Amino acid sequence: MAAQRRLNRDELISTALAVADSEGLDAVTIRRVAQQHDVTPMALYRHFPDKDGLFDAVTDRLLTDVRVPEADQRPWHEQMNDLLSIFLAALRPHPNAAPLVITRLFTSEPGLAITERTLALLSEAGMPVEEAAQTAGQALCSLVTLVITEPGRSNPALSPEDRAAEVSAKEATLSALSPTLYPHVVEAAAALSSCASDDRYYRRGIDMIVAGMRGTAQDAFAH
């Protein structure tokens with residue numbers, strides 16, 4: 001009973017997120033989190049109904065720091081840029097846990113707030129409801145994918161030395177391809193294997209998404 005009284009839901013969520021950060025989502029289980037707190041798995045069921053409930057809580061934690069900006073007088077696409085940047089900033093420190101957002105965005109209150117603001121801005125841009133819904137979902141999921149697939153990311157369980165070796169091996173493999181068949185891949189081997197600048201990588205991603213939104217909005221308005 002004493003061990004159960006020591007349990008704190010926020011601390012349990014922090015532990016689950018820390019395990020995901022260091023070892024990946026597959027390592028996050030009720031049993032593993034319980035072991036970290038020196039209690040039985042049954043003790044955690046007072047806070048979470050099951051593993052999915054724990055993952056729901058981790059998703060809420062990931063998005064809790066997203067402060068949806070208030071509407072202002074700037075063009076919609078400038079406000080969208082700010083919103084997506086804030087969303088991305090919440091995910092970047094936790095790439096291993098970010099996949100949770102794809103399936104739980106609409107079941108999380110912070111996720112719903114982000115989606116609501118995205119849809120409002122797309123409506124302001126003149127998009128019909130169905131077009132706006134698809135565009136919003138694709139854009140937000142694309143940002144998650146951007147985090148998950150950042151060049152140079154690898155198995156979280158690897159040491160820094162092993163990760164560097166993995167990146168070097170990937171670059172060597174690409175560089176060794178036939179320059180006749182894949183001249184551009186060979187030339188871009190280093191850039192495809194790791195990011196020279198994380199900030200530029202993510203800024204480019206947001207710029208491309210917002211540019212795509214603007215093009216889609218213009219097409220919708222034209223028709």
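Owing to the predicted nature of the structure, the values given are computational and were not obtained by experimental measurement.
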Measuring from [X]:[atom1] to [Y]:[atom2], what's the distance to the nearest 0.5 Å?
X    : Y    : atom1 : atom2 : result
L100 : T59  : CG    : OG1   : 4.0 Å
R214 : L122 : CZ    : CG    : 13.0 Å
T40  : R31  : OG1   : CZ    : 9.0 Å
R61  : L17  : CZ    : CG    : 7.0 Å
I13  : T64  : CD1   : OG1   : 8.5 Å
L83  : W76  : CG    : CH2   : 11.5 Å

Taking [atom1] in [X] as the centre, count heavy atoms belonging to other residues, nucleotides or ligands within less than 6.0 Å. Is the count above 12?
X    : atom1 : value
D26  : CG    : no
E187 : CD    : no
R32  : CZ    : yes

Non-hydrogen side-chain atoms of [X] and [Y] separated by less than 4.5 Å:
X    : Y    : value
M127 : T216 : yes
I86  : P69  : yes
L7   : V39  : yes
I206 : V210 : yes
T103 : F55  : no
L91  : V101 : yes
D72  : E78  : no

Under 4.5 Å between side-chain heavy atoms, hopping through other hydrophobics if needed: is there a path connecting [X] to [Y]?
X    : Y    : value
L63  : I102 : yes
I114 : I148 : yes
L177 : V167 : no
V129 : L121 : no

Using a strict 4.0 Å threshold on nitrogen-to-oxygen distance, state whether [X] and [Y] make a salt bridge.
X    : Y    : answer
R74  : D82  : yes
D199 : R204 : no
D207 : R203 : yes

Counting N and O atoms only, with roles assigned by atom type, does the side chain of [X] sit under 3.5 Å from a partner on the main chain of [Y], one being a donor and the other an acceptor?
X    : Y    : answer
S14  : D10  : yes
D65  : A90  : no
Y201 : S194 : no
T107 : R104 : yes

Should L84 and L88 be marked as a side chain to side chain contact (heavy atoms under 4.5 Å, CB included) after you check the CA-CA gap, both sets of side-chain angles, and the distance that decides it? CA-CA 6 Å; L84 298 186; L88 185 59; over 6 Å; no

Apply side chain to side chain contact (heavy atoms under 4.5 Å, CB included) to L105 and L112, showing your working. CA-CA 7 Å; L105 187 65; L112 285 171; over 6 Å; no

May I have the step-by-step check of side chain to side chain contact (heavy atoms under 4.5 Å, CB included) for V68 and F87, ending in yes or no? CA-CA 9 Å; V68 176; F87 178 64; over 6 Å; no

Report the C-alpha separation of V33 and H47 in whole Å, then their side-chain angles, then the decisive distance to 0.1 Å, and conclude whether the side chain to side chain contact (heavy atoms under 4.5 Å, CB included) test is met. CA-CA 12 Å; V33 174; H47 300 276; over 6 Å; no

Might you point out which heavy atoms bring [X] and [Y] nearest each other, and give the distance in Å?
X    : Y    : result
G53  : F48  : O-CD2, 4.0 Å
F106 : T115 : CE2-OG1, 3.5 Å
L192 : P151 : O-CB, 3.8 Å
E150 : Y202 : OE1-OH, 2.6 Å
V186 : L174 : CG2-O, 3.7 Å
M213 : M80  : SD-CG, 3.6 Å

For a side-chain hydrogen bond (donor to acceptor under 3.5 Å, both in side chains) with Q79, tell me which candidate from E70, Q73, R117 qualifies. R117

Which one of L146, T149, V147 satisfies the side-chain contact (heavy atoms from CB on, under 4.5 Å) criterion with P95? V147

